[in-house]
Amino acid sequence: MSKSVSSYASPSIACVAVGAETIWISPFFTSPQQDHGYDVANFREIDPVYGTMDKFDKLLNEIHSRDMKLVLDLVLNHTSIEHPWFKESASSRDSPKRGWYIWRDGRRPEGKRPPNNWNAIPGGSAWRYYENTGQWYYFHFLPFQPDLNYRNPEVKEEMFDTLRFWLDKGVDGFRLDILHTIFEDKDLKNNPFSWTLTESDKKSASLFQHHKYDTNLPETYDFVLDLRKLMNEYEPERFLVGEVFGTLNDLKKYYGPENNGLHMTFLFEFTSKVLSFKPKKILEVISKIEQIFPPPYTPTYVYGNHDRDRYISRFKNNVQKAKLLATLQLTLRGVPYIYYGEEIGMSNVKFNLKASEDPIGRKFSKFPFPLISKLLRFSLTRDRCRTPMQWNADSDTGFSSNPEVKPWLKIADNHKEINVDNEEKNPDSLLNCYKNLIKLRNENICLQEGLFEFFNLEKFKKKCIAYKRIRNMHEIIVYLNFSEKGLLLKSFKPDPKLLFSTKANRKKVLNEKIKNYFKLNPFEGIIFQ
Ligand code: NOJ
């Protein structure tokens, strides 16, 4: 199973250099790009904005020749309104494709109120009235992304054939977009009210609505078992990771009753704005994940993605803190996901909401900014975390070798200092820290597969966390100092061998004067065996 996954806008070379095993690419299928590829108009063609099928085949070959894997991003839940299926479905109540989407009469008077109270994820009713046929269609995300109706067997068959199309080409797996919304209650019962504003791991609720009847339905849990069966038809083994939201226990159900569902789901606990740099909180989250997803379940550790603010910005771009968190992410039990640019410390970039590329940004430009910013789980405009990869100090930061080509979003002001070229030359850079950690992980089966156990640090527990990974007789020990002060700690091992430190020049572990003690520098993370 995957050792580490990286999501990259400009893939393979960078991933090879950083040491990631698997690349996940956001959707590149034919699309009107209203949601930058998450609104698909043909699931089996490449949008010319991104390339051609020949280029795709070449990319896949190149990736495989480097002993790496490619994961595609598949949007099973919805299509674009520009998809020929939707156009056909919307054309008349008698269309043969009418039942491919969810159409309903509105509530009285005169059907001009949506069929029920369901909210779309970014807010507002999840129904849109369609004048031509006098009915409403359902969408879980944005109005131009109508949900497919999986109660219709033709839809399931078609989408499973789409998976086969890409699997036959040799792709290694899929990241499944908002998979928890595949099925809806068949009677479309109203969702109950909830006092919850933003989503959390306590309840599947947001914007004052408990998503009881529109997400995480038993039918969806059964659906993933069928998906897995389809994947099992292929050799070598293929891989499924779900983007699903709910409580950790809801998420666990996607792994299947006998671990025969998805291989893993994203666990977004570490992307949350409320997760502070406090060891106690971090320890609580990891303990909970370990408790709910013990072996053979595979947890995932995610700090950011194309929908979330960049994690280093939460810590005022402090590179020492980023190195410490990278050490944590790459030494835990589970699969680490690295979003492109995290490894060099790319930060959020400010954008004007009205001029935002991201439709979510434009939607929120109508509301009072500071209030909304505090409340939402999505970044106000996801443009902030989607700026071009910072390769070098050039004005287009290495986006293209063709000077005529303009990057689709502006370049971050800090690209002159924060870029791959600079960081490659500096042994103490964040990039080299990531590379060393990934190399260590790739070479060390105990870090990939070992069991996980915390040490009790008693009086240091407010400042530091320590744990070990254990496989057969082999142990790896990790210490992470979250405080800005140095700490003198007793070693759990008499003669530890240093494998890694976030301080590039650290040579020894143990203190020469005090037997069996060692010093952890401010914000230092070390790994030894
Ligand atoms: C989740 C994706 O991560 C996001 O980028 C997209 O806009 C929505 N799903 C809708 O597909």
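We count residues from 1, following the sequence as given.
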Taking [Y]'s backbone N and O only, do any of them form a donor-acceptor pair with [X]'s side chain (distance below 3.5 Å, no angle check)?
{"X": "Arg506", "Y": "Lys508", "value": "yes"}
{"X": "Asn191", "Y": "Tyr213", "value": "yes"}
{"X": "Gln448", "Y": "Arg441", "value": "yes"}
{"X": "His263", "Y": "Leu240", "value": "yes"}
{"X": "Gln329", "Y": "Tyr301", "value": "yes"}
{"X": "Asp250", "Y": "Thr247", "value": "yes"}
{"X": "Asn472", "Y": "His474", "value": "no"}
{"X": "Tyr255", "Y": "Thr265", "value": "yes"}
{"X": "Gln209", "Y": "Asn119", "value": "yes"}
{"X": "Arg469", "Y": "Gly450", "value": "yes"}

Do you know the tightest heavy-atom contact between [X] and [Y]?
{"X": "Ser491", "Y": "Leu510", "value": "CB-CD2, 3.9 Å"}
{"X": "Thr502", "Y": "Cys433", "value": "CG2-SG, 4.5 Å"}
{"X": "Asn432", "Y": "Glu423", "value": "ND2-O, 3.1 Å"}
{"X": "His140", "Y": "Thr215", "value": "CE1-CG2, 3.7 Å"}
{"X": "Pro122", "Y": "Leu142", "value": "CG-CD2, 4.0 Å"}
{"X": "Asn481", "Y": "Gly486", "value": "ND2-CA, 4.3 Å"}

* To do: Report the C-alpha separation of Phe268 and Glu243 in whole Å, then their side-chain angles, then the decisive distance to 0.1 Å, and conclude whether the side-chain contact (heavy atoms from CB on, under 4.5 Å) test is met.
  => CA-CA 9 Å; Phe268 291 120; Glu243 187 206 31; 4.1 Å; yes

Under 4.5 Å between any side-chain heavy atoms of [X] and [Y], yes or no?
{"X": "Phe29", "Y": "Leu74", "value": "yes"}
{"X": "Asn260", "Y": "Leu225", "value": "yes"}
{"X": "Ile286", "Y": "Phe452", "value": "yes"}
{"X": "Tyr297", "Y": "Ile292", "value": "no"}
{"X": "Phe500", "Y": "Leu437", "value": "yes"}
{"X": "Phe141", "Y": "Ile360", "value": "yes"}
{"X": "Arg333", "Y": "Pro295", "value": "yes"}
{"X": "Tyr434", "Y": "Ile344", "value": "no"}

* Report the C-alpha distance between Leu163 and Leu227 in whole Å, list the side-chain angles of each, state the deciding distance to 0.1 Å, and finish with yes or no for side-chain contact (heavy atoms from CB on, under 4.5 Å). => CA-CA 9 Å; Leu163 285 156; Leu227 276 175; 3.4 Å; yes

Does [atom1] in [X] sit with more than 12 non-hydrogen atoms of other residues, nucleotides or ligands closer than 6.0 Å?
{"X": "Lys363", "atom1": "NZ", "result": "yes"}
{"X": "Phe454", "atom1": "CZ", "result": "yes"}
{"X": "Lys189", "atom1": "NZ", "result": "yes"}
{"X": "Lys321", "atom1": "NZ", "result": "yes"}
{"X": "Glu233", "atom1": "CD", "result": "yes"}

* To do: Go through the steps to decide whether Arg310 and Tyr339 satisfy the test side-chain contact (heavy atoms from CB on, under 4.5 Å), and finish with yes or no.
  => CA-CA 9 Å; Arg310 290 203 172 259; Tyr339 179 53; 3.4 Å; yes

* To do: On the 0 to 90° scale, with breaks at 30° and 60°, tag the Phe455-Phe492 ring pair as parallel, tilted or perpendicular.
  => parallel

* To do: Measure up the His306 and Tyr38 rings against each other and bin them: parallel (under 30°), tilted (30 to 60°), perpendicular (over 60°).
  => parallel

Between [atom1] of [X] and [atom2] of [Y], what distance do you get to the nearest 0.5 Å?
{"X": "Asn190", "Y": "Asn117", "atom1": "CG", "atom2": "CG", "result": "4.0 Å"}
{"X": "Lys323", "Y": "Leu480", "atom1": "NZ", "atom2": "CG", "result": "14.0 Å"}
{"X": "Thr300", "Y": "Glu269", "atom1": "OG1", "atom2": "CD", "result": "8.5 Å"}
{"X": "Leu179", "Y": "Asn216", "atom1": "CG", "atom2": "CG", "result": "9.5 Å"}
{"X": "Glu343", "Y": "Ile338", "atom1": "CD", "atom2": "CD1", "result": "7.0 Å"}
{"X": "Asp383", "Y": "Leu409", "atom1": "CG", "atom2": "CG", "result": "5.0 Å"}

Centre of [Y]'s six-membered ring, under 6.0 Å away, within 45 degrees of the axis: is that where NZ or CZ of [X] sits?
{"X": "Lys69", "Y": "Phe239", "value": "no"}
{"X": "Lys493", "Y": "Phe528", "value": "no"}
{"X": "Arg151", "Y": "Phe223", "value": "no"}

* Going by the salt bridge (Lys or Arg N to Asp or Glu O under 4.0 Å) test, name the single residue among Arg386, Arg384, Arg382 that passes it with Asp309. => Arg384

Could you check whether [Y] and [X] have their ring centres less than 6.0 Å apart?
{"X": "Tyr311", "Y": "Phe270", "result": "no"}
{"X": "Trp166", "Y": "Phe174", "result": "no"}
{"X": "Tyr221", "Y": "Tyr254", "result": "yes"}

* **Test log, rule side-chain contact (heavy atoms from CB on, under 4.5 Å), inputs Tyr337 and Arg175** => CA-CA 12 Å; Tyr337 282 77; Arg175 175 260 185 198; over 6 Å; no

* **Cationic N near anionic O, under 4.0 Å, Asp222 to Lys253** => no

* Asked: Run the salt bridge (Lys or Arg N to Asp or Glu O under 4.0 Å) check on Glu524 and Lys503 step by step: do they pass?
  -> CA-CA 7 Å; Glu524 187 183 21; Lys503 308 275 171 206; over 6 Å; no

* To do: Could you give me the CA-CA distance, side-chain angles and deciding distance for Tyr467 and Thr331, then say whether side-chain hydrogen bond (donor to acceptor under 3.5 Å, both in side chains) is met?
  => CA-CA 9 Å; Tyr467 48 88; Thr331 54; 2.5 Å; yes

* Judged by modelled atom types alone, do Ser347 and Asn414 share a side-chain donor-acceptor pair under 3.5 Å? -> yes

